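Since the structure is predicted, the reported quantities are computational estimates derived from the model, not experimental observations. Sequence lines set the chain letters: A, B, ... in the order given, protein chains first and strands last, and positions in each chain run from 1.
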2 protein chains.
Amino acid sequence: MASPTPTPARQRRRGHDPESVLATAVGVFNERGYDGTSMEDLARALGMTKSAIYYHVPGKEQLLARALDRALDGLFELMADDGAAKGTGIERLEWVVRQSVRILVDRLPYVTLLLRVRGNSPTELAALERRREFDRFIGRLVTEAAVEGSIRPDVDPALVTRLLFGAVTSISDWYQPARGASADDLADALLKMTFGGLRV
Amino acid sequence: MASPTPTPARQRRRGHDPESVLATAVGVFNERGYDGTSMEDLARALGMTKSAIYYHVPGKEQLLARALDRALDGLFELMADDGAAKGTGIERLEWVVRQSVRILVDRLPYVTLLLRVRGNSPTELAALERRREFDRFIGRLVTEAAVEGSIRPDVDPALVTRLLFGAVTSISDWYQPARGASADDLADALLKMTFGGLRV
DNA sequence: GTCTACTGACCGAATGTTCGGTAAACACAA
DNA sequence: TTGTGTTTACCGAACATTCGGTCAGTAGAC
């Protein structure tokens, strides 16, 4: 605690650590897909040999597990937040959409990876189950907004849930932070389109 | 033309053919991901041995190429259709959204596969390039609708393009035909939400 | 000398693909 | 009806390569 080094994560010796290996790995996973990425690919991207990776992390699947947890932890914190419980149904829905966009942007590579998981291993299945819990949470919010009469009655709440969050999750497919749009810019555009409507 | 056999595609002998192998393969590709699917997996799903697959199709990558073409051909036919050229900008945009949903639903497994392509091989890169051409076509439509003043001026047309078609493409992630919703049901809900707005 | 952060050689398993072979179905002549 | 030759649709084994992962050794900072 009273350590003289203010940055305990970074060792004195230059080189890699579990965190930087994870960050690079997630980048490559998103480029090539998890199954399409070999440890050889990772080693090349990290500038080291395959075996050196195993000094920092236990293996390929743990790399995936850590990345998925990072995305899911963000979403679960959001679910537990006060903002998701205060106000009318539609206010809470709007807040959750906005925060979901923020988490997606803040943790872009991790959430991107999560959204591509198919359930090919116990690790992926566990992540999928946690993700479905979040989806059910959204579904409940939309239903409440519909029940209170805040959203148009001529659309199925279940469809709205999927389509609305389809637009949200699509962000991970095309968003490039370098182009200048912030998380709030994205959320504003998305909410204007889906809540207010495109038509003038 | 004057052939005595009315069904030239189907031979007298029962068993598999390139078409049924492709259909099954695309199903497995979508379950496990292309890279996560082995020829052994395909063989199991087809009820034959790995080597028998090669009697019907040249290889794994050609299976992918054929599937991607099937999806892209649909999208390109849509671009060339009269409906995409008649009416005001926003009318054409609405028509294209509706038809895109229809193609997505009609060719669900093929389009799903296309939407997951990452560019890991020349086959995938070629498909990605064709897909980007379709995306640019949509972008032009949205811009025209914005220029003619049919959509709200306080949102960036480029963002609208991505978000609107993000909602469309998300359909492949969650749509289950067995649940009863038709392509038109989906398009109706999507257009009500994005063009009219959810808020009452 | 000790610890950290690696390298290089290597392992068994799995990968996509090819090969030689074969049983059943077929077309057709005798 | 039977015999002959050909095609169809497959199997089992083997191929070279790549996979994720292990381990003994070691260069350099302390």
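With hydrogens and angles disregarded, no donor-acceptor distance shorter than 3.5 Å links the side chain of A:S20 to the backbone of A:H16.
Contacts classified as ring pair (Phe, Tyr, Trp, His ring centres under 6.0 Å) and involving residues 28-51 of chain B (residues at least two apart or in different chains) are given here: B:F29-B:Y34. For the salt bridge (charged side-chain N to carboxylate O under 4.0 Å, His left out) condition, the pairs that include at least one residue of residues 147-168 of chain B, sequence neighbours left out, are A:K192-B:D154, B:R152-B:D154. Counting only residues at least two apart or on different chains, the salt bridge (charged side-chain N to carboxylate O under 4.0 Å, His left out) pairs with a member in residues 40-50 of chain A are A:R32-A:D41, A:D41-A:R44.
Atom CE in B:M48 sits roughly 16 Å away from atom C1' in D:dG12 (whole-Å rounding). Atom P of nucleotide D:dG21 and atom CG of A:L64 are separated by 12 Å, given to the nearest angstrom.
Shown here are the side-chain hydrogen bond (donor to acceptor under 3.5 Å, both in side chains) partners of B:R92, two or more places apart in sequence or in another chain: B:E144. Partners of A:D185 according to the salt bridge (charged side-chain N to carboxylate O under 4.0 Å, His left out) rule, which considers only residues two or more places apart in sequence or in another chain, do not exist here.
An OP1 or OP2 oxygen of D:dC10 is reached within less than 4.0 angstrom by no side-chain nitrogen or oxygen of B:Y55. Within the structure, a side-chain polar atom (N or O) of A:H56 is placed less than 4.0 Å from OP1 or OP2 of C:dC6.
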So if I define the base as every atom that isn't primed, P, OP1 or OP2, how would nucleotides 12-18 of chain C read as a B/S/- string at a heavy-atom cutoff under 4.0 Å? ---SBBB
